[in-house]
Amino acid sequence: MPSGPLTGTRFHRNSAGILCCEGRPLTEIAQAFGTPCYVYSERTLVESYQQFAAAAAEKNALICYALKANSNLALIALLAAEGAGFDIVSVGELQRVIAAGGQPNRIVFSGVGKTESEIAAALGAKIKCINIESEAELHRVAQVASALRLTAPISLRVNPDIDAKTHPYISTGLKENKFGIPMDLAEAVYRQAKTMPSVMITGVDCHIGSQITSLPPFLQALDRVLELVDRLNAADIEIQHLDLGGGLGICYDGETPPTPQALLGAIFERLHQWQQTRRSPQPEILFEFGRAIVGNAGVLLTRVDLLKPGPHKNFAVIDAAMNDLMRPALYEAWHGVAAVSPSAAQEATWDLVGPVCESGDWIARDRRLALSPGDLLAVLSAGAYGMSMSSNYNSRPRAAEVLIDAQGQAHLIRRREEFTDLIAAESIPDYLRK
Ligand SMILES: *Cc1c(COP(=O)(O)O)cnc(C)c1O
């Protein structure tokens, strides 16, 4: 069987050729909830998390889920029940984890611009660790903690200057990226942190990018982190955990990223070699995976609105747009597109575009598809950085989100927005009213 975005997921075709999730035809989902609509498979999500958990079983490790990939409360609740930790990048994400029943002591807080109030909220919630991204931020965290008479558990996010060989917008571990503290400055910043009574050094953190599809960048980053840990230990700075970030890629279009087992296996093997020549206890290992946990657990259901064939290009205008799924516009990302039902139409080459007034508003280009107006399409591998990046551009209400459980039951986990949602936060000042 060829590998593709549906391989290993709970999305499959039934005997009539209709695309289903857990046996439930997506045609029924579109009928019941309308389009555009994100559809997630509970078991695909949980099983991809479990692959990481299994690969880390019997290790002193915590698999965190990077919330920004998809922060729907129901998905957080499912992962919290599995024992996942969480990687957050804002106080809003902190509140989401708490609202969904996740444990604060399993949360790590990343991001280059945490505000004082966000730091205070994180310290108040007693999260596991704040990942510090600059010297200025170290001072800010120390000050906030001191004012609250708390001790801030911290790690420094170091920038190992490794080329993750991914799209420039999702590469984060190169010295020209805004993320982390350059490796050659890290030791000095750790020494400073050690003198600060309101911070407690607990770890070292790195995250080199996203949609990484080979092992070497991960292992190179690990080696650089381990060199730093050796230098820190020599300076009497103890490290209790290593946070190796996320970034494992998924199959969108035939990519063959390492499996969770292969990636974590290689990392633990390398750590084992390193540990053998050291006397200090083995640090706890943290990971922060987003895309690899949720990416292939979701599709975006959309309907063909009208066809606009032309002498140069054939356009199919669909009811999903860049505000629903921004990845193609933002990174020229490629998503598989599958017809939900077999079609009698003639096959042709189509650009699938949304109704938004931007030339960048396309979802897929140059696809051989047999299309008629009203046909349902599934945009594949849309679970990660789909809904979480969506907006109301062009005053388009955000799509509905539906979770399909293991029995094929559909649950609405975010209702489609309405006009009242669009204007809920706005007001016209009195002086403008007649
Ligand atoms: C975005 C992000 C992640 C998750 O990246 P994925 O590619 O989705 O696994 C992890 N850690 C940090 C700090 C991030 O910014």
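Counting starts at 1 for both ligands and their atoms, in listed order. Note that this is a predicted model, so its numbers are computed, not measured.
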Discussion item. So for atom CD, which belongs to Glu332, do other residues, nucleotides or ligands contribute more than 12 heavy atoms lying within a distance under 6.0 Å?
Written reply: no
Response to the item:
Only one of Tyr40, Tyr38, Tyr65, Tyr385 passes side-chain hydrogen bond (donor to acceptor under 3.5 Å, both in side chains) with Asn70, and that residue is Tyr40
Fill in: Any N/O pair Tyr385/ligand 1 closer than 3.5 Å
yes
Worksheet entry | Atoms of ligand 1, numbered as shown, that sit under 4.0 Å from any heavy atom of Phe289 | 9 (O)
Worksheet item: For ligand 1, is there an atom lying under 4.0 Å from some heavy atom of Phe179?
Response: no
Worksheet item: Out of Gln103, His241, Glu284, which residue meets the side-chain hydrogen bond (donor to acceptor under 3.5 Å, both in side chains) rule with Lys128?
Response: Glu284
Worksheet item: If you measure from each heavy atom of Gly247 to ligand 1, is any distance below 4.0 Å?
Response: yes
Worksheet item: Taking NZ, NE, NH1 and NH2 as the nitrogens, is one of them in Asp324 or Arg396 under 4.0 Å from a carboxylate oxygen of the other?
Response: yes
Worksheet item: Do the charged groups of Lys114 and Glu137 touch, with an N to O distance under 4.0 Å?
Response: yes
Fill in: Identity and separation of the nearest protein heavy atom to atom 2 (C) of ligand 1
Lys68 NZ, 2.3 Å
Worksheet item: Is Asn392 close to Arg398 at the side-chain level, that is, under 4.5 Å between some pair of heavy atoms?
Response: yes
Fill in: Which of the ligand 1 atoms, numbered from 1, are nearer than 4.0 Å to a heavy atom of Glu288
3 (C), 4 (C), 9 (O), 10 (C), 11 (N), 12 (C), 13 (C)
Discussion item. Checking the N or O distance criterion of under 3.5 Å, is ligand 1 in contact with Arg157?
Written reply: no
Worksheet item: Given that the side chain starts at C-beta and the backbone is N, CA, C, O, which of these parts of Asn131 lies under 4.0 Å from ligand 1, counting heavy atoms, or is it both or neither?
Response: neither
Item to complete: Could you tell me how the ring of Phe289 sits relative to the ring of Phe52: parallel (under 30°), tilted (30 to 60°) or perpendicular (over 60°)?
Response: parallel
Response to the item:
Quick note on ligand 1: atoms under 4.0 Å from a heavy atom of Arg291 include exactly 6 (P), 8 (O), 9 (O)
Item to complete: Check each atom of ligand 1 against the heavy atoms of Ser110 and keep those under 4.0 Å away; list them by number with element.
Response: 13 (C)
Worksheet item: Tell me: protein heavy atom nearest atom 7 (O) of ligand 1, and distance?
Response: Ser210 OG, 2.3 Å
Discussion item. I'd like to know if Arg231 pairs up with Glu227 as an ion pair, taking the criterion as any Lys NZ or Arg NE/NH1/NH2 lying under 4.0 Å from an Asp or Glu carboxylate oxygen.
Written reply: no
Worksheet entry | Nitrogen or oxygen of Leu248 less than 3.5 angstrom from that of ligand 1 | no
